[in-house]
Amino acid sequence: MIDLHDRESKALIGSITEAELKFLQDALEETSIDDNDYFIDQGTIDLLAEDGGATDHLLALLKQAVGSGDGVEIRWTQR
């Protein structure tokens, strides 16, 4: 399992599967091979949903993380 955290507060957002992480890695820009964080905003969520590969579970977690804010920096860790 993969845990998603709010990078700033370190609060746990939720857990995702290896397949959901692979989808995020393929869909979003990484700055290096060791990159484990992403900036997520509503536009990013919309793009992930339009791609068709995002699960409802992943989209719900990301929407919850962004809430009514402008966006959130998330990081992932493997358990």
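Given the structure is predicted, the values throughout are model-derived calculations rather than measurements.
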Sole residue of E8, R7, H5 in side-chain contact (heavy atoms from CB on, under 4.5 Å) with E73: R7

Minimum side-chain heavy-atom gap E18-Q78 below 4.5 Å: yes

Value rounded to 0.5 Å, distance of CD1 in I13 from CZ in R75: 9.5 Å

Carboxylate-amine/guanidinium proximity below 4.0 Å for K10 and D6: no

Separation between CD1 of I2 and CZ of R79, rounded to the nearest 0.5 Å: 9.0 Å

From L62 atom CG to E20 atom CD, the distance as rounded to the nearest 0.5 Å: 9.0 Å

F23 side chain reached by D51 side chain, heavy atoms, under 4.5 Å: yes

Donor + acceptor pair across side chains of D3, S15 (<3.5 Å): yes

Intermediate values then yes/no, side-chain contact (heavy atoms from CB on, under 4.5 Å), L4 and L12: CA-CA 6 Å; L4 296 181; L12 178 66; 5.9 Å; no

CD1-CD1 distance between I40 and I74, expressed to the nearest 0.5 angstrom: 4.5 Å

Closest approach of I16 to L24 (non-hydrogen atoms, all atoms of both residues): CD1-CD1, 4.2 Å

Option among D37, L47, L48 that satisfies the side-chain contact (heavy atoms from CB on, under 4.5 Å) test with L28: L48

Side-chain heavy atoms of Y38 within contact of Q25, under 4.5 Å: yes

D70 atom CG, over 12 foreign heavy atoms within 6.0 Å: no

Gap between atom CG of L61 and atom CG of D56 - 0.5 Å precision: 11.0 Å

Rounded distance [0.5 Å steps], CD in Q42 versus NZ in K63: 6.5 Å

